[in-house]
Every structure is written in structure tokens, then in C-alpha cells.
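First the structure, in the form of C-alpha cells, and then the observations on it.
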Amino acid sequence: MRIVVTGATGFIGQSLVGRLAAEGHQVHILIRKPRAGLPPQIPYSIWDAQQNDPPAAALEGAEAVIHLAGEPIAQRWNEAVKRSIRTSRVGGTQRLISALSQLGTYPRVFIAGSAIGYYGSRGDEILTETSALGQGFLAEICEEWESAANLGLALNMRVVRLRTGMVLGKEDGALARMLPAFRAGAGGRIGSGEQWMSWIHLHDMVSMIIAALTNEKFTGAVNAVAPGPVRNLEFTHALAGELRRPAIFPAPMFLLRLLFGEMAEAVLEASQRVMPVVAEKSGFDFRYTELGPALRDLLRS
Ligand SMILES: NC(=O)c1ccc[n+]([C@@H]2O[C@H](COP(=O)([O-])OP(=O)(O)OC[C@H]3O[C@@H](n4cnc5c(N)ncnc54)[C@H](OP(=O)(O)O)[C@@H]3O)[C@@H](O)[C@H]2O)c1
């Protein structure tokens with residue numbers, strides 16, 4: 001299949017592009033600037049989602065588009081960062097769909113990034129794809145981002161909106177950022193530790209995107225999370241246990257708010273107990289349903 005991928009240089013994108021190429025797909029990536037370390041066999045075109053329209057030649061003949069590009073969420077937010085988060089995702093998706101609408105033939109499927117931030121912070125409530133939109137900046141962004149992706153429905157594309165949880169990988173993402181403190185025995189629960197964390201192993205994240213290319217049961221909102229969410233305290237004990245280190249230093253919320261501002265509340269303190277109902281109904285086979293084996297695979301391999 002000829003597939004265009006944005007955000008291909010990111011944490012998920014790099015792994016995805018590697019797997020797609022290994023499976024024999026014809027991949028074309030859209031990146032903001034050329035850089036060292038790009039996979040040499042993968043053709044690329046330049047596109048900055050915040051600045052301009054993607055080049056039509058890169059999209060011509062695409063059977064699928066996987067759109068993951070966006071300003072990172074996990075950073076201290078100020079007005080400029082918030083603007084960048086919004087324009088890169090919402091404006092970028094609108095530009096991409098608009099460029100696709102100029103083509104003679106449209107791709108069959110448009111797979112768009114989104115996040116479980118859509119649901120806001122919801123305590124112990126079990127959240128599925130039909131749960132209502134939550135509150136806060138991230139929920140607002142996700143709603144606008146998903147509405148932009150839905151513009152693709154007018155082109156008769158199957159639109160898949162991946163409400164992604166915390167992706168666990170070794171090289172990057174939340175786990176990689178937590179590891180130095182936990183390895184040093186200085187890890188601990190975040191705030192009360194009661195908040196639910198919905199995670200997915202990077203392997204399953206990539207497999208789910210690949211499954212969504214051809215499995216037509218993947219349509220609309222899809223929670224990209226494992227079926228075994230855990231409370232932060234359980235996550236903390238599991239991670240420390242795998243590393244055989246103590247985890248006795250809680251990270252107090254006031255300190256995290258001081259360091260990371262509003263982002264700390266929206267991401268670190270938020271409680272999201274999300275279930276992958278659509279993926280399970282679509283017959284998706286998770287390799288990692290429980291946190292322990294997922295962490296063991298990542299930390300011991
Ligand atoms: N990782 C997670 O745990 C997680 C959780 C929930 C949702 N998601 C969503 O899933 C998608 C992929 O996640 P990821 O972790 O792979 O993201 P990532 O590592 O931050 O990579 C995102 C890519 O987007 C592009 N990008 C960054 N800033 C940009 C900007 N200001 N304007 C336009 N493009 C920009 C970059 O590609 P170029 O520099 O090559 O253009 C980058 O490689 C993202 O949209 C993310 O929000 C991820």
C-alpha cells in the first residue's frame with residue numbers, strides 16, 4: 001500500500017515507519033526539515049503543519065494517510081506553546097485534508113492522532129469511545145483536532161481517530177523520562193497516586209495503526225490503550241519492582257505544578273480509566289494487556 005506518514009520522525013512515527021517498510025509498504029514521509037538519521041530508503045517531502053500546505057505531489061496516489069505530527073504536549077505550557085499545540089494539530093489537519101481534497105482520487109483511509117486527553121480527568125469512571133468529552137485545554141484541543149480529521153469524511157475516507165494513552169517505549173516517551181529517577185531509587189507516586197493511568201506498549205500502538213489501515217471495523221474514535229489501566233501507585237510499584245529499586249519519594253503535586261505549570265494537572269494528575277472497546281470488538285490482538293509483562297519486555301530486552 002502507498003502510505004503517507006506525518007510525524008514520522010517522532011517516537012511512534014519512527015517505529016511505525018520501520019514496521020511499514022519492513023512489511024513491504026511504499027512509505028512517503030512529510031517532515032519539517034531534513035536531518036541526519038532519517039531512514040535512507042524512505043522518500044520524504046518537506047511540510048510544516050503550522051506554516052504551509054503539504055505538497056500535492058507527495059500525496060498523489062496515496063491509499064492511506066497516517067497523521068501524527070504535532071507540537072509536543074509534555075512541556076511547560078505558556079500562551080505561545082498552547083498556540084503551537086493548537087495550530088500544529090487543528091490547523092495542520094485542516095491543511096492536510098484540504099490538500100487531499102484537491103487530488104483526483106482520495107486515500108481510502110485517514111488515520112489521525114488524538115489523545116485520551118479528550119476525556120479530561122474522570123476519577124474512577126470507566127471511559128469508552130462513547131463517553132462524553134471532558135473539560136480543560138487538552139479536551140478542547142482533542143475535540144477540535146478530531147473535528148478537523150472528520151473533514152475527511154466528506155472525501156469518503158474512513159477516518160480513524162486514535163485516542164492514544166501513555167505510550168510505553170524504551171527510547172522516548174513518558175517511561176523513558178521516568179526511568180532515570182526510578183533507576184536512581186528516587187522514583188515515587190505522583191500526587192495521591194490514586195489517579196488511573198491508561199497505557200499502551202509501543203509495539204501494540206504500532207500494530208494498532210497498521211491494523212487500522214485495512215480492518216474496516218476501525219472507524220471513528222478508537223481508544224489506543226491496553227485493556228489493563230492501573231492506578232499511578234500500582235504503576236509506580238510495578239516499575240520500581242521491575243527495576244528492583246525502592247520507590248519511596250512521592251512527587252508532590254505542588255512541586256510538579258511549580259515545575260510544569262498547568263500541564264502537570266492536565267497530564268500528570270489527570271485520572272483516565274480508559275478501555276479499548278472498539279479495538280477489542282475489531283478483533284485486535286494485544287500482545288501486552290497487563291502492565292507487568294509490558295514493563296518486563298521494555299526493561300529487560
Ligand atoms: N507518545 C504518547 O504517549 C502519546 C500519547 C497521546 C497522544 N500522542 C499523540 O500521537 C502523536 C505522535 O506521538 P509521538 O509521541 O510520536 O510524538 P513526537 O515524538 O512528539 O513526534 C511528533 C512529530 O510531530 C512533528 N512536530 C513536532 N512539533 C511540531 C510542530 N510544532 N509543528 C508541526 N509538526 C511538529 C515532528 O516531526 P518533524 O519534526 O519531522 O516534522 C515530530 O516528530 C502526536 O500527535 C501525539 O500528541 C502521543
Side-chain angles (χ1 to χ4, degrees), residues 5-7 10-13 15-16 49 66-77 81-94 96 110-122 125-150 159-169 172-177 190 195-202 204-206 208-209 212 218 220-227 229-230 232 235 260 262-279:
V5 183
T6 80
F11 168 45
I12 300 168
S15 232
L16 173 68
I66 304 172
H67 179 39
L68 302 176
E71 173 74 22
I73 302 287
Q75 57 177 314
R76 197 183 166 89
W77 299 343
V81 168
K82 280 181 160 183
R83 206 163 34 249
S84 203
I85 288 174
R86 178 173 264 119
T87 55
S88 62
R89 288 184 163 70
V90 185
T93 307
Q94 289 166 345
L96 184 52
F110 186 80
I111 301 177
S114 182
I116 59 169
Y118 179 93
Y119 302 112
S121 184
R122 303 280 278 265
E125 185 181 345
I126 292 177
L127 299 165
T128 72
E129 287 86 351
T130 56
S131 297
L133 176 71
Q135 288 180 342
F137 173 69
L138 278 188
E140 267 172 40
I141 291 294
C142 289
E143 192 201 19
E144 291 174 35
W145 192 12
E146 291 194 15
S147 298
N150 273 342
V159 175
V160 183
R161 296 171 269 123
L162 290 172
R163 293 187 184 152
T164 306
M166 179 176 63
V167 182
L168 301 180
D172 201 350
L175 178 66
R177 266 170 247 143
I190 294 175
Q195 68 275 37
W196 287 92
M197 298 170 75
S198 295
W199 57 274
I200 182 168
H201 189 297
L202 179 61
D204 282 335
M205 181 71 213
V206 170
M208 198 183 285
I209 297 175
F218 279 90
V222 175
N223 290 336
V225 293
V230 292
N232 172 261
F235 187 95
F260 300 110
E262 190 185 344
M263 190 280 283
E265 280 169 50
V267 178
L268 304 174
E269 200 180 16
S271 184
Q272 292 160 329
R273 189 182 187 183
V274 183
M275 299 307 290
V277 173
V278 172

field: Salt bridge R163-E146, side-chain N to carboxylate O under 4.0 Å
entry: yes
message: If you define the side chain from C-beta out and look only at heavy atoms, does anything of I190 sit under 4.5 Å from Q195?
response: yes
task: Answer yes when K82 and E262 have at least one side-chain N-carboxylate O distance shorter than 4.0 Å, and no when they do not.
output: yes
field: Exercise: identify the closest heavy-atom pair between I111 and I209
entry: CD1-O, 3.6 Å
- prompt: Are the side chains of I85 and F137 in touch, meaning some heavy atoms are under 4.5 Å apart?
  reply: yes
task: Would you check if the side chain of E143 reaches a backbone N or O of L133 as a donor-acceptor pair within less than 3.5 Å?
output: no
task: Show your working on side chain to side chain contact (heavy atoms under 4.5 Å, CB included) between Y118 and V274 and close with a plain yes or no.
output: CA-CA 11 Å; Y118 179 93; V274 183; over 6 Å; no
- line: Here the pair of heavy atoms bringing I12 nearest to L202 is CA-CD1, 4.1 Å
query: Can any side-chain N or O of T6 pair as donor or acceptor with the backbone N or O of A69 at less than 3.5 Å?
result: yes
- line: Correct closest heavy-atom pair for A148 and V90 would be CB-O, 3.9 Å
query: With a 4.0 Å cut-off, would you call E71 and R86 a salt bridge?
result: no
- request: Would you tell me whether N223 and Y119 have side-chain atoms, one donor and one acceptor, within less than 3.5 Å of each other?
  value: yes
task: Test side chain to side chain contact (heavy atoms under 4.5 Å, CB included) on V225 and M275 and set out the steps.
output: CA-CA 7 Å; V225 293; M275 299 307 290; 5.8 Å; no
message: Give me the atom names and distance for the closest heavy-atom approach of Q272 to S198.
response: O-OG, 2.6 Å
- request: Test side chain to side chain contact (heavy atoms under 4.5 Å, CB included) on R89 and I73 and set out the steps.
  value: CA-CA 11 Å; R89 288 184 163 70; I73 302 287; 3.9 Å; yes
message: Any non-hydrogen side-chain atom of L138 less than 4.5 Å from a side-chain atom of W77?
response: yes
Side-chain donor/acceptor of S88 to backbone N/O of A49, under 3.5 Å: no
message: Could you report the tightest heavy-atom contact between T93 and H67, atom names first, then the distance?
response: OG1-NE2, 3.1 Å
message: Between V167 and W199, is there a side-chain heavy-atom distance shorter than 4.5 Å?
response: no
field: T164 side chain vs L162 backbone, donor-acceptor pair below 3.5 Å
entry: yes
Closest non-hydrogen atom pair, N150 against R161: OD1-NE, 3.2 Å
Interatomic distance, L175 atom CG to L168 atom CG [nearest 0.5 angstrom]: 5.5 Å
query: Near Q135 CD, under 6.0 Å, is it more than 12 heavy atoms from other residues, nucleotides or ligands?
result: no
message: Within the structure provided, determine whether M208 and I200 are in side-chain contact (heavy-atom separation under 4.5 Å).
response: yes
query: Can you check whether F260's main-chain N or O pairs, donor with acceptor, with Q75's side chain at less than 3.5 Å?
result: no
- prompt: side chain to side chain contact (heavy atoms under 4.5 Å, CB included) between L127 and R122: does it pass, once the steps are laid out?
  reply: CA-CA 8 Å; L127 299 165; R122 303 280 278 265; 3.8 Å; yes
message: If we ignore hydrogens and angles and just use 3.5 Å, is the side chain of S131 paired with the main-chain N or O of T128 as donor and acceptor?
response: yes
message: I need the E144 CD to Q94 CD distance, nearest 0.5 Å.
response: 8.5 Å
